[in-house]
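Some notes on the structure that comes next.
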Amino acid sequence: HRKIVVIESDDWGSIRMPSREVYYKLLSEGYKVDQNPFMKYDCLASEKDLSLLFEVLSSIKDKNGREAVITANTIMANPDFDKIRKSDFAEYFYEPFTDTLSRYPEHTRSFDLWKEGISAGVFHPQYHGREHLNVARWMKALREGNKTVTHAFNNRMLSIRSEPSEMRFGYLEALDYFSKEEQLEKSDILKEGMSLFNEIFGFTSRSFIANCYVWDKEAEKTLEKIGVEYIQGIVQQLIPENKDNRHFFKKAYHYIGEKNSRNQTYIVRNAYFEPSLQGDGINPVDYCILRVGAAFRMGKPAIIESHRINFIGSIHQDNREKNLKLLKRLFEEILRKWPDVEFMTSDELGEYI
């Protein structure tokens with residue numbers, strides 16, 4: 001009967017649209033980046049993005065006096081474009097996301113703010129992968145001279161749009177694979193990413209969420225070895241399958257508190273606050289409140305999905321300003337309707353379950 005609220009936010013640390021200048025350049029070249037919210041709004045979080053978000057989070061307190069906290073699911077590395085180009089695309093190199101931040105304008109102090117948010121208890125990193133990228137397929141596309149992927153690379157981006165003939169999510173699904181060899185590479189990638197997580201944050205992430213909700217049992221086996229006890233996700237898991245020269249996804253369904261054969265607990269999202277992604281016909285606050293109410297009526301925690309994109313204003317400032325007002329309103333409405341609400345992080349919820 002406890003009214004537990006968890007906010008899970010993906011993609012922190014990962015590059016997307018590098019700048020306002022690149023956005024308008026691609027638009028002028030005929031790429032429909034204005035029609036894809038991730039291309040239009042998403043970017044590494046600037047100092048201002050973080051300061052304003054933390055301001056909202058610290059202004060809200062639950063029944064125990066705890067401030068609102070975001071579980072910041074973090075990508076630990078991005079491609080090192082210069083080294084990859086220098087190798088003539090023969091080899092892949094990556095850099096910690098903290099190095100990437102230092103090269104972005106208005107981001108040089110961003111990681112100091114991450115640390116302040118962590119200390120204040122409003123920003124709690126958890127593991128989202130080494131990169132938000134399918135390294136094997138992306139490098140293959142670059143070597144083969146794929147025009148769109150190469151143009152993205154030249155603009156220091158992962159992708160510009162999805163490639164329906166190859167990758168369903170535009171090369172962003174890191175744990176997808178097309179061969180046994182590619183599947184085996186995933187274990188080292190996950191281990192290296194967690195090693196970076198430990199090095200940068202000083203603790204092991206007890207929870208994990210796969211990019212684009214694509215992962216398999218082998219990934220869970222590796223995750224167990226590196227200390228992951230709780231697997232975040234949505235109801236549906238996409239499991240890569242390669243049969244009869246066909247690549248497709250098998251679907252598995254999960255519920256909150258379900259355990260797998262390794263005793264890892266699934267934490268399944270059941271509410272959504274995604275104003276940057278939801279259509280104009282949806283009121284993001286009302287919709288989220290409906291889902292939170294349904295979870296509480298069923299005796300479940302409310303696990304709210306809210307991607308980083310909602311809090312970013314580096315490319316379009318109005319995206320951040322509008323959504324932070326909505327976030328504040330969401331918190332106020334939750335506390336008005338359920339004054340006995342308690343905020344938790346994903347790993348705290350996993351431990352409680």
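Every value quoted in this text rests on a predicted model; they were computed, and no experiment measured them. The chain is numbered in sequence order, starting from 1.
When every heavy atom of N319 is checked against every heavy atom of S276, the shortest pair comes out as OD1-OG, 2.6 Å. Across S346 and E8, no two heavy atoms sit closer than the pair OG-OE2, 2.7 Å. Of all heavy-atom pairs between H247 and N242, the closest is ND1-OD1, 2.9 Å. When all heavy atoms are compared, the tightest approach of W338 to G293 is CZ2-CA, 3.5 Å. The two residues G145 and T150 have their closest heavy-atom pair at C-OG1, 3.8 Å.
Taking the side chain as every heavy atom from C-beta outward, R137 and E182 approach each other to under 4.5 Å. E274 places a side-chain heavy atom less than 4.5 Å from the side chain of N310. For the pair F153 and N146, the minimum side-chain heavy-atom distance is 4.5 Å or more. Y104 places a side-chain heavy atom less than 4.5 Å from the side chain of P18. For the pair F331 and S59, the minimum side-chain heavy-atom distance is 4.5 Å or more. Residues E348 and H124 are not in side-chain contact: their nearest non-hydrogen atoms beyond the backbone lie 4.5 Å or more apart. Contact of the L158 side chain with the I15 side chain is registered, since non-hydrogen atoms from C-beta on lie closer than 4.5 Å. Contact of the I315 side chain with the K40 side chain is not registered, since no non-hydrogen atoms from C-beta on lie closer than 4.5 Å.
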task = Could you walk me through whether R109 and E116 pass the salt bridge (Lys or Arg N to Asp or Glu O under 4.0 Å) test, one step at a time?
result = CA-CA 11 Å; R109 275 201 64 254; E116 285 175 25; 3.4 Å; yes
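Taking the six-membered ring wherever Trp is involved, the centroid distance between the rings of Y266 and Y230 does not fall below 6.0 Å. Aromatic pair W12/F123: centroids less than 6.0 angstrom apart.
Seen from the ring of Y213, R269 does not count as a face-on cation partner, given the 6.0 Å and 45° thresholds.
Heavy atoms of other residues, nucleotides or ligands lying less than 6.0 angstrom from NZ of K61 number more than 12.
With sequence neighbours excluded, the residues satisfying salt bridge (charged side-chain N to carboxylate O under 4.0 Å, His left out) with K217 are E220.
Side-chain atoms of E218 and S187 include no donor-acceptor pair closer than 3.5 Å.
Look at E333 and K337 and you find no salt bridge, because none of the NZ, NE, NH1 or NH2 atoms lies under 4.0 Å from a carboxylate O. With salt bridges taken as basic N to acidic carboxylate O contacts below 4.0 Å, one links K25 and E29.
Ring geometry for F201 versus F111: interplanar angle of 30 to 60°, hence tilted.
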